[in-house]
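Working notes, structure below.
Position 1 is the first residue of the sequence, and the numbers go up from there.
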Amino acid sequence: MAASGLFSLVLLPLAVVMTLAAALLLGRRRARSLAFDESVYPGLRSLRRATIGWRVIGLVAGAVVAVGAVSFGHLRPYAFAAPLLAATAVVAAIVVGQRSVYKAARVRGSAGIEHRRLRDYLPAALTRWVACLLALLLTAVLFSTLAASPDDMGRAGRAVAASWTQGDGAAEGVFGSLRSPYPGSFYTLWVGIALVLLLVAAGIGLVMTARRPRNGADPELVRVDDALRRITAEGIVAGLGVGVGGAAFAVLLVGGMDLVQLAPVPLVTAAGVVSLLGAVVALGGLIGAGVILLVPRDGGAR
């Protein structure tokens, strides 16, 4: 792997982690306790523990998956998909945690008539931002896949190439340049597969969160349970944002660096600059979603 690729995929993620840590220390956003009488609602106590505990388990599992994906294989085919695979592990852990206490909010008494909608629990601003990150990732993957070329060993979709003419008259000549690794189909195929897995896991988790049964006739139980549903939904959407933002950041950064250094062709250089600007946007989304994932809110309605 070229030095630029090594810098992009190893040192820059480390910088992201350090930035997240600084945001946690300096930011104003902090989780607040969700108070209720645990002796009266032991099921809600179990549900709260699972809601937070399994998120932590998911974060640990996601870190392991990310390291494994980046390290696997001589040519690192899963490197750009690593954020998506890590996020899938986080979301899957949250889903498992919800399933383990699926009926914790169902207690004896009148069931109550309710009509719960998924959008009542989704964090609106975060959901819109993640949708924008998803559009950015899809655009970046489509562009880099179409722009890619075979590398010097003939492996399709692993490099980017350009040619140009230089000189005048008899001194005129055609020159060419090639840079690798580049996020073409050799890498983006796995990005697409990992993205589908993440979207499926997130969809299952969100539907399960909204449909989890409870006794809707108890106002206090409903208040606490609604808060826990919002915390869970926020965690799933934030995990989706981390995966999508991280993958977009990796694709745009490595692709942009390759294009900027590829050839003295204004159009190619401009494409590289635009990619790098997109990487900055993706990084901002990644950091924001990461902070939300690491520091849950109190689940209050907003």
Side-chain angles (χ1 to χ4, degrees), residues 5-32 52 55-56 58-67 69-70 79-91 93-94 122-141 183 191 194-195 198-199 202 230-257 273-298 302:
L6 180 63
F7 177 79
S8 303
L9 295 177
V10 179
L11 297 183
L12 280 172
L14 179 60
V16 172
V17 172
M18 295 176 65
T19 303
L20 283 172
L24 290 174
L25 291 174
L26 301 176
R28 296 178 179 178
R29 194 178 190 281
R30 293 291 182 268
R32 291 172 290 182
I52 303 302
R55 185 184 296 199
V56 175
L59 288 169
V60 174
V64 173
V65 169
V67 172
V70 171
F80 293 95
L84 296 165
L85 295 172
T88 302
V90 174
V91 173
I94 293 175
L122 286 175
L126 178 61
T127 301
R128 288 192 293 267
W129 182 236
V130 171
C132 292
L133 288 176
L134 179 59
L136 180 63
L137 173 61
L138 293 176
T139 302
V141 166
V191 170
L195 178 59
L198 176 56
L199 291 174
R230 292 188 190 97
I231 292 171
T232 301
E234 181 188 64
I236 292 173
V237 176
L240 180 60
V242 167
V244 171
F249 173 66
V251 170
L252 289 165
L253 181 67
V254 176
M257 292 176 67
V273 171
V274 171
S275 294
L276 292 176
L277 292 175
V280 173
V281 174
L283 177 60
L286 170 61
I287 292 173
V291 171
I292 293 172
L293 185 63
L294 290 170
V295 187
R297 287 184 177 177
D298 62 349
R302 286 171 173 79

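- When all heavy atoms of L253 and A279 are compared, the pair lying nearest together is N-CB, 3.8 Å.
- The shortest non-hydrogen separation linking R55 to E234 is NH2-C, 4.5 Å.
- Checking each of V281, I287, V280 against L283 for a side chain to side chain contact (heavy atoms under 4.5 Å, CB included) leaves exactly one that passes, namely I287.
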Verdict with reasoning, L276 to L252, per side chain to side chain contact (heavy atoms under 4.5 Å, CB included): CA-CA 6 Å; L276 292 176; L252 289 165; over 6 Å; no
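- Pairing each heavy atom of L85 with each of A194, the nearest pair is CD2-CB, 3.7 Å.
- How far CG of L122 is from CD1 of I236: 9.0 Å, rounded to the nearest 0.5 Å.
- Residues G58 and A93 approach most closely at CA-CB, 3.4 Å, considering heavy atoms.
- The heavy-atom pair separating G256 from S275 by the smallest distance is CA-CB, 3.6 Å.
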Please assess L195 against L138 for the test side chain to side chain contact (heavy atoms under 4.5 Å, CB included), listing each intermediate value before the final yes or no. CA-CA 10 Å; L195 178 59; L138 293 176; 3.8 Å; yes
Go through it in stages, so that I can follow the logic: the residues are I231 and I52, the test is side chain to side chain contact (heavy atoms under 4.5 Å, CB included), and I'd like the CA-CA distance, side-chain angles, deciding distance and then a yes or no. CA-CA 9 Å; I231 292 171; I52 303 302; 4.1 Å; yes
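- Of all heavy-atom pairs between L198 and V91, the closest is CD1-CG2, 4.0 Å.
- Atom CG of L240 is separated from atom CG of L293 by 11.0 Å, given to the nearest 0.5 angstrom.
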